[in-house]
Number of protein chains: 2
Amino acid sequence: MQEDKLKKFREKLTEEGFKVTPQRIEVVNALVKLDHPTAKEIKQHIEDRYPMISPSTIYGTLDLLENMGELIPIQEGSETKYDLSPEVHPHFICEEDGEVRDIDDPEIESKLRELLKDCPFEADRIELNFYGKCNVE
Amino acid sequence: MQEDKLKKFREKLTEEGFKVTPQRIEVVNALVKLDHPTAKEIKQHIEDRYPMISPSTIYGTLDLLENMGELIPIQEGSETKYDLSPEVHPHFICEEDGEVRDIDDPEIESKLRELLKDCPFEADRIELNFYGKCNVE
DNA sequence: TTTTGAAAAAATAACAATTATAAATTTAAT
DNA sequence: ATTAAATTTATAATTGTTATTTTTTCAAAA
């Protein structure tokens with residue numbers, strides 16, 4: 001299914017007149033593989049197999065994805081994490097270690113969709129975050 | 001009602017062994033008066049009547065308030081805005097001008113409180129943001 | 001294929017918000 | 001009024017991100 005994401009991304013790029021580059025592919029790849037990575041983590045992951053990549057390239061690709069509506073940034077304290085699934089779904093953010101995890105609960109999601117309709121303004125996106133302690137150890 | 005906030009804050013400070021300083025009062029004052037100010041806007045507002053205040057003092061007080069559970073930061077793009085009302089309530093964030101506005105809708109809020117209970121983890125706070133265009137002009 | 005022009009990547013440098021550190025000042029208790 | 005600890009300030013350092021310029025690469029056409 002990560003192939004799907006990649007294929008879709010390649011197509012969308014050409015479709016909109018952008019070029020398909022190995023760096024862009026690698027960034028999407030990293031986003032698929034890693035959980036909710038920061039720009040730094042994406043860089044690290046890519047450099048494990050691709051000689052090196054410049055931060056600007058990563059930020060540029062992230063911007064591109066965001067503008068395409070394929071990516072949402074999640075601010076966690078001072079870090080920005082990225083999520084390749086812009087579909088409506090809530091997150092749980094740990095106040096202790098800052099981990100972001102997806103909440104997969106159909107009931108909550110359907111309530112969320114309702115809320116999106118209830119919004120008194122024209123909203124095209126909704127963000128729901130729960131904060132608490134995930135008590136890791 | 002801003003007096004309430006201030007009084008409560010003074011009391012809580014002494015209660016927990018912190019000192020009541022004019023700078024701290026001014027920061028809370030600014031938070032009450034301004035809508036969803038950034039640290040910079042707070043600084044500006046204070047300096048309109050108080051000779052000058054150091055950024056560190058502002059950040060320090062914001063941290064203090066956050067730790068006291070009286071303040072939540074709202075990340076909007078690259079800016080951090082602050083909200084003195086930690087009660088459960090949703091925001092509408094304009095993707096064009098970045099304005100943050102409170103949504104005052106009892107129905108949405110009650111649904112939110114339900115969601116907080118539904119959360120599969122131990123959450124002590126919930127954050128709901130709608131993103132869209134507020135078409136200003 | 002090779003050529004070619006535009007787009008993208010890389011290598012800096014620059015920036016802004018925030019955090020850390022050390023010295024001076026202020027609070028509030030005695 | 002004195003005093004010790006807390007707080008503010010001034011300053012420097014850090015970090016994540018953005019801007020700029022040069023070099024490289026992609027992909028369309030010859």
Side-chain angles (χ1 to χ4, degrees), chain A residues 6 9-31 36-47 49-68 71-82 98 100, chain B residues 6 9-31 36-47 49-68 71-82 98 100:
Chain A
L6 273 178
F9 177 58
R10 296 182 105 101
E11 282 166 1
K12 207 158 180 183
L13 279 180
T14 19
E15 208 170 279
E16 303 191 19
F18 296 113
K19 292 185 177 168
V20 177
T21 68
Q23 289 90 338
R24 283 176 174 167
I25 299 298
E26 284 302 324
V27 170
V28 175
N29 225 336
L31 283 165
H36 289 97
T38 61
K40 197 192 279 179
E41 286 164 349
I42 293 171
K43 187 170 191 307
Q44 197 49 60
H45 181 261
I46 292 176
E47 286 176 346
R49 37 228 196 76
Y50 189 88
M52 87 90 62
I53 184 165
S54 151
S56 352
T57 304
I58 293 175
Y59 285 110
T61 306
L62 293 174
D63 279 357
L64 197 60
L65 285 164
E66 204 180 330
N67 291 332
M68 283 174 161
L71 184 75
I72 47 171
I74 304 164
Q75 196 67 26
E76 190 291 299
S78 57
E79 307 200 293
T80 310
K81 303 187 170 181
Y82 297 91
V100 175
Chain B
L6 272 178
F9 178 58
R10 296 184 105 100
E11 282 166 1
K12 208 158 179 182
L13 279 180
T14 17
E15 209 169 280
E16 303 190 19
F18 296 113
K19 290 184 177 169
V20 176
T21 68
Q23 289 91 336
R24 283 174 175 167
I25 298 299
E26 284 301 325
V27 170
V28 175
N29 226 335
L31 283 164
H36 289 96
T38 60
K40 196 193 279 179
E41 286 165 349
I42 293 171
K43 187 169 189 308
Q44 197 50 61
H45 182 260
I46 293 175
E47 287 176 345
R49 40 228 195 73
Y50 189 88
M52 86 92 61
I53 184 164
S54 152
S56 350
T57 305
I58 294 175
Y59 285 110
T61 307
L62 293 174
D63 279 359
L64 197 61
L65 284 164
E66 204 182 330
N67 292 333
M68 282 174 163
L71 184 75
I72 48 170
I74 304 165
Q75 196 68 23
E76 188 292 299
S78 58
E79 307 200 292
T80 310
K81 303 186 171 184
Y82 296 91
V100 175

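What you see below is based on every heavy atom in this structure, not just the backbone, and it leaves out hydrogens, waters and symmetry mates. Note that the structure is predicted; figures quoted are calculated from it, not measured. Letters A, B, ... are given to chains in the order of the sequence lines, protein chains preceding strands, and every chain is numbered from 1.
Under the 3.5 Å distance criterion, the side-chain polar atoms of A:R24 are left unmatched by any main-chain donor or acceptor of A:F9.
With a cutoff of under 4.0 Å to any heavy atom of chain B, the contacted region of DNA chain C is bounded 5' to 3' by C:dA17 to C:dA28.
Inspection of the B:Y82 and B:E66 side chains reveals no N or O donor paired with an N or O acceptor under 3.5 Å.
A:K19 places none of its side-chain heavy atoms less than 4.5 Å from the side chain of A:L13. Residues A:L62 and A:I42 have side chains in contact (heavy-atom distance under 4.5 Å, counting atoms from C-beta outward).
Between A:H36 atom NE2 and A:E41 atom CD the span is 11.5 Å, to the nearest 0.5 Å. The OG1 atom of A:T61 lies 8.0 Å from the CD1 atom of A:I46; values are rounded to the nearest 0.5 Å.
Looking at A:R49 and A:E26, a side-chain N of the basic residue comes within less than 4.0 Å of a carboxylate O on the acidic one, giving a salt bridge. Under 4.0 Å is where a charged nitrogen must lie from a carboxylate oxygen, and between A:E79 and A:K40 no such pair does.
For the pair B:M52 CE and D:dA10 C1', the computed distance is 9 Å after rounding to whole Å.
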Next item on the list: Would you mind building the protein contact string for nucleotides 13-30 of chain D? One character per nucleotide, 5' to 3', B for base within reach (heavy atoms under 4.0 Å), S for sugar-phosphate only, - for untouched.
Entry: ---SSBB------BS---
